[in-house]
Amino acid sequence: MDSLTVTYIVVAVAGAIALSLFAIWIFAPAWMSYGRTWERFAAAALSVFILAAFIGTGIATGSLVVFYWDEISGLFP
(Lines give C-alpha, C1' and ligand atoms only; values in the text may rest on other atoms or scores of the structure.)
Protein backbone atom coordinates (compact mmCIF):
# COMPACT_ATOMS: atom_id res chain seq x y z
CA MET A 1 0.00 0.00 0.00
CA ASP A 2 1.22 3.47 -0.73
CA SER A 3 1.15 6.27 1.82
CA LEU A 4 -1.88 7.99 0.25
CA THR A 5 -4.00 4.86 0.62
CA VAL A 6 -2.97 4.54 4.27
CA THR A 7 -3.91 8.20 4.81
CA TYR A 8 -7.35 7.63 3.28
CA ILE A 9 -7.91 4.58 5.49
CA VAL A 10 -6.89 6.47 8.62
CA VAL A 11 -9.17 9.40 7.75
CA ALA A 12 -12.09 7.07 7.02
CA VAL A 13 -11.67 5.16 10.28
CA ALA A 14 -11.30 8.39 12.29
CA GLY A 15 -14.43 9.80 10.62
CA ALA A 16 -16.41 6.66 11.36
CA ILE A 17 -15.33 6.70 15.00
CA ALA A 18 -16.16 10.40 15.35
CA LEU A 19 -19.59 9.94 13.76
CA SER A 20 -20.41 6.98 15.97
CA LEU A 21 -19.33 8.87 19.09
CA PHE A 22 -21.51 11.81 18.01
CA ALA A 23 -24.45 9.45 17.63
CA ILE A 24 -23.85 7.89 21.05
CA TRP A 25 -23.00 11.00 23.12
CA ILE A 26 -25.09 13.74 21.48
CA PHE A 27 -27.75 12.42 19.13
CA ALA A 28 -29.11 9.52 21.19
CA PRO A 29 -29.57 11.48 24.44
CA ALA A 30 -31.21 14.34 22.53
CA TRP A 31 -33.53 11.89 20.78
CA MET A 32 -34.48 10.01 23.93
CA SER A 33 -35.11 13.14 26.03
CA TYR A 34 -38.44 13.90 24.40
CA GLY A 35 -41.62 11.92 23.99
CA ARG A 36 -43.38 13.57 21.08
CA THR A 37 -42.21 12.86 17.56
CA TRP A 38 -41.88 16.50 16.50
CA GLU A 39 -39.83 17.25 19.62
CA ARG A 40 -37.50 14.37 18.81
CA PHE A 41 -36.99 15.60 15.26
CA ALA A 42 -36.37 19.14 16.50
CA ALA A 43 -33.77 17.83 18.96
CA ALA A 44 -32.18 15.81 16.15
CA ALA A 45 -32.03 18.90 13.92
CA LEU A 46 -30.41 20.92 16.70
CA SER A 47 -27.87 18.17 17.31
CA VAL A 48 -26.87 18.47 13.64
CA PHE A 49 -26.01 22.11 14.36
CA ILE A 50 -23.78 20.90 17.18
CA LEU A 51 -22.10 18.50 14.74
CA ALA A 52 -21.56 21.39 12.31
CA ALA A 53 -20.01 23.45 15.11
CA PHE A 54 -17.65 20.59 15.98
CA ILE A 55 -16.65 20.20 12.34
CA GLY A 56 -16.12 23.94 11.93
CA THR A 57 -14.00 24.12 15.07
CA GLY A 58 -11.88 21.21 13.85
CA ILE A 59 -11.38 22.78 10.44
CA ALA A 60 -10.48 26.15 11.96
CA THR A 61 -8.03 24.60 14.43
CA GLY A 62 -6.43 22.46 11.75
CA SER A 63 -6.10 25.44 9.42
CA LEU A 64 -4.42 27.48 12.13
CA VAL A 65 -1.98 24.67 12.85
CA VAL A 66 -1.13 24.33 9.15
CA PHE A 67 -0.77 28.11 8.72
CA TYR A 68 1.45 28.59 11.78
CA TRP A 69 3.36 25.31 11.53
CA ASP A 70 6.75 27.01 11.12
CA GLU A 71 6.31 28.88 14.40
CA ILE A 72 4.83 25.84 16.19
CA SER A 73 7.61 23.50 15.09
CA GLY A 74 10.19 26.05 16.29
CA LEU A 75 8.90 25.72 19.85
CA PHE A 76 10.05 22.12 20.10
CA PRO A 77 13.75 21.30 19.84
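Quantities reported herein were computed from a predicted structural model and do not represent experimental measurements.
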Legend entry - Remaining members of the apolar cluster that contains Phe67, side-chain heavy atoms under 4.5 Å: Leu64, Val65, Tyr68, Trp69, Ile72, Leu75, Phe76

Legend entry - Verdict with supporting geometry, Leu46 and Ile50, side chain to side chain contact (heavy atoms under 4.5 Å, CB included): CA-CA 7 Å; Leu46 290 175; Ile50 294 171; 5.9 Å; no

Legend entry - Nearest non-hydrogen partners of Arg40 and Tyr34, listed with the distance: NE-O, 2.7 Å

Legend entry - Sole residue of Val66, Ile59, Thr61 in side-chain contact (heavy atoms from CB on, under 4.5 Å) with Ser63: Ile59

Legend entry - Donor-acceptor under 3.5 Å (Ser20 side chain, Ile17 main chain): yes

Legend entry - Transitive ILVMFWY side-chain link Val13 to Leu21, under 4.5 Å: yes

Inset, instruction - Identify whether Val11 and Tyr8 are in the same connected component of the hydrophobic contact network (ILVMFWY, side-chain heavy atoms under 4.5 Å). - result: no

Inset, instruction - Taking all non-hydrogen atoms of both residues into account, name the closest pair between Ala43 and Ala30 and its distance. - result: CB-O, 3.5 Å

Inset, instruction - In sequence, state the C-alpha distance, the side-chain angles, and the governing distance for Ser47 and Phe22, and then conclude on side chain to side chain contact (heavy atoms under 4.5 Å, CB included). - result: CA-CA 9 Å; Ser47 68; Phe22 165 77; 4.1 Å; yes

Legend entry - Phe41 with Ile26, same ILVMFWY side-chain cluster at under 4.5 Å: yes

Legend entry - Interatomic spacing from CE in Met32 to CZ in Phe27 - rounded to 0.5 Å: 11.0 Å

